Amino acid sequence: MCIVWDWDSNGKHDFIGEFTSTFKEMRGAMEGKQVQWECINPKYKAKKKNYKNSGIVILNQCKIHKMHSFLDYIMGGCQIQFTVAIDFTASNGDPRNSCSLHYIHPYQPNEYLKALVAVGEICQDYDSDKMFPAFGFGARIPPEYTVSHDFAINFNEDNPECAGIQGVVEAYQSCLPKLQLYGPTNIAPIIQKVAKSASEETNTKEASQYFILLILTDGVITDMADTREAIVHASHLPMSVIIVGVGNADFSDMQMLDGDDGILRSPKGEPVLRDIVQFVPFRNFKHASPAALAKSVLAEVPNQVVDYYNGKGIKPKCSSEMYESSRTLAP
């Protein structure tokens, strides 16, 4: 059904009329023909004897634009690249103290490890090479003990990749005793770091790599203005951000970044091109099934990938016809 209005700037638009059509009918305009419909106002039709219509709607041209699915891009060879970033600020508590979210317990995983393993194992299935660049932020790091907001947790800046989530766990456990938890909680630098890689990917003009930054943090961030700016910039790139809230802090800042309650804007007022942030409070899922957590963590990622590539008019690299034919032949 098509409904036609006369637009008014004050928002009080005037109803003109309506008509119904089918896709088959509209396709007639693809062969260079015009397709027309009478626009009918049902009120006028019922009241006026000689009423014919409220105008004619003419379709001059029709184009079919195929919307590709998340699976089309994955089957077409698009690689999902996950990067992990861990909050090492002092607000997490001294790792030697049992109340700390980073508590070094000889036999049990702390809150960060629980979140990292639970969420990381979900993400791992989407990452083709299972190699995760892993960074920390908000700590003083050796040898000079200067504060860093994007250091490799394996202390190898040239190659920050860890083999699988287990590799990230081992690097985390190894680096934690060598760090001095500090602050402030600045997450813009790590968003900018991943955005730099995503920006280089745009030069290929192909659906080759999509970047996902997984941030584990205990809550309140100090560089909110810079973070908003970084997210607005990143919304133009093949990238998404998943923020996992660890512990019981106030996560209202994170919910604002998520943008589900309204459009996130930079401090200058520029809106995000698309919603790229997903916030997950881990405390809500500590006793839930892995499937419930997986659903929440990855709820928005497929649509974010599709929105980016469809918005840019980028098709899957390989045709998904092979996949389609294999699917139809399947028993």
Side-chain angles (χ1 to χ4, degrees), residues 79-92 95 100-104 109-124 126-201 209-218 221-223 226-227 230-231 233-234 237-244 246:
Q79 312 282 327
I80 304 287
Q81 302 289 358
F82 274 93
T83 298
V84 179
I86 301 169
D87 181 343
F88 288 107
T89 54
S91 57
N92 288 287
S100 170
L101 297 169
H102 280 301
Y103 178 50
I104 304 167
N110 62 31
E111 292 302 300
Y112 271 89
L113 279 175
K114 285 178 194 167
L116 174 63
V117 171
V119 177
E121 284 185 346
I122 294 160
C123 301
Q124 188 166 259
Y126 283 84
D127 193 297
S128 50
D129 65 0
K130 308 283 187 282
M131 296 298 286
F132 294 86
F135 298 93
F137 58 91
R140 283 176 160 171
I141 60 168
E144 274 89 33
Y145 284 91
T146 49
V147 177
S148 173
H149 298 292
D150 57 354
F151 62 92
I153 63 169
N154 63 2
F155 296 124
N156 183 348
E157 295 300 330
D158 296 330
N159 183 14
E161 292 193 329
C162 303
I165 285 302
Q166 190 51 39
V168 180
V169 167
E170 286 164 13
Y172 166 82
Q173 289 172 323
S174 170
C175 84
L176 189 55
K178 298 168 191 161
L179 302 174
Q180 186 184 344
L181 273 56
Y182 206 67
T185 311
N186 291 354
I187 63 171
I190 193 65
I191 295 171
Q192 288 158 352
K193 196 180 197 92
V194 175
K196 189 169 179 281
S197 301
S199 184
E200 287 161 9
E201 175 60 24
Q209 293 188 89
Y210 191 93
F211 295 81
I212 296 177
L213 171 59
L214 180 63
I215 301 174
L216 285 84
T217 178
D218 75 331
I221 57 174
T222 22
D223 64 339
D226 288 345
T227 296
I231 290 169
H233 170 67
L237 302 170
M239 132 173 214
S240 292
V241 180
I242 299 171
I243 302 174
V244 178
V246 180

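Values in this document were obtained by computation on a predicted structure and should not be read as measured data. In what follows, residues are counted from 1 in the order of the sequence shown.
- Between Asp87 and Val246 there is no side-chain heavy-atom pair separated by less than 4.5 Å.
- Rounding to the nearest 0.5 angstrom, the gap separating the CD atom in Glu111 from the CG atom in Asp218 is 11.5 Å.
- Shown here are the side-chain contact (heavy atoms from CB on, under 4.5 Å) partners of Ile122, two or more places apart in sequence or in another chain: Leu293, Ala294, Leu298.
- Side-chain atoms of Asn154 come within 3.5 Å of backbone N or O of Asn159 as a donor-acceptor pair.
- Here the straight-line distance linking atom CG of Leu213 with atom CD of Gln81 works out to 13.0 Å at 0.5 Å rounding.
- At least one side-chain heavy atom of Leu181 sits less than 4.5 Å from a side-chain heavy atom of Pro95.
- For Asn186 (side chain) and Gly138 (main-chain N/O), no donor-acceptor pair under 3.5 Å exists by modelled atom type.
- Put simply, CD1 on Ile187 and CD on Gln192 are 10.5 Å apart, with the number rounded to the nearest 0.5 Å.
- Distance check, rounded to the nearest 0.5 Å: CD1 of Ile221 to CD1 of Ile243 gives 6.5 Å.
- Counting all heavy atoms, side chain and backbone alike, Ala152 lies closest to Pro160 at CB-CB, 3.7 Å.
- Note: Leu214 CG to Ile86 CD1 = 9.0 Å, rounded to the nearest 0.5 Å.
- In terms of modelled atom types and a separation under 3.5 Å, the side chain of Thr185 and the main chain of Thr222 share no donor-acceptor contact.
- Ile141 CD1 to Leu179 CG: the interatomic distance, rounded to the nearest 0.5 Å, is 8.0 Å.
- Checking side-chain atoms of Ser100 against main-chain N and O of Asn92 turns up a donor-acceptor pair under 3.5 Å.
- Contact detail for Ala230 and Ile191: the closest heavy-atom pair is CB-CG2, 3.8 Å.
- Partners of His102 under the ring pair (Phe, Tyr, Trp, His ring centres under 6.0 Å) rule, at least two apart in sequence or in another chain, are Phe88, Tyr112, Tyr172.
- Residues Cys162 and Ala171 come closest through the heavy atom pair SG-CB, 3.9 Å.
- Under a 3.5 Å cut-off, the side chain of Asp127 and the backbone N or O of Gln124 do not form any donor-acceptor pair.
- Remark: Ser197 engages Phe211 in a side-chain contact (heavy atoms from CB on, under 4.5 Å) (not counting sequence neighbours).
- Applying the salt bridge (charged side-chain N to carboxylate O under 4.0 Å, His left out) test to residues at least two apart or on different chains, none of the pairs has a partner in residues 155-169.
- Closest approach of Leu116 to Leu216, counting heavy atoms only: N-CD2, 3.6 Å.
- Scanning all heavy atoms of the two residues, the minimum distance from Tyr210 to Ser240 falls at OH-OG, 2.6 Å.
- For Tyr103, the ring pair (Phe, Tyr, Trp, His ring centres under 6.0 Å) partners are His105, not counting sequence neighbours.
- In terms of heavy-atom proximity, Val168 sits nearest to Ala134 at CG1-CB, 4.1 Å.
- Listed by first and then second residue, the salt bridge (charged side-chain N to carboxylate O under 4.0 Å, His left out) pairs that reach into residues 179-197 are Asp150-Lys193, Lys196-Glu200, sequence neighbours excluded.
- Ile80 places a side-chain heavy atom less than 4.5 Å from the side chain of Phe82.
- Side-chain atoms of Asp223 come within 3.5 Å of backbone atoms of Ala188 as a donor-acceptor pair (strictly under, hydrogens ignored).
- Side-chain contact between Ser199 and Met239: absent, with no pair of heavy atoms (C-beta onward) separated by less than 4.5 Å.
- A 4.5 Å side-chain heavy-atom check between Phe155 and Pro142 finds at least one atom pair inside the cut-off.
- Side-chain contact between Leu113 and Gln173 is present, with at least one heavy-atom pair separated by less than 4.5 Å.
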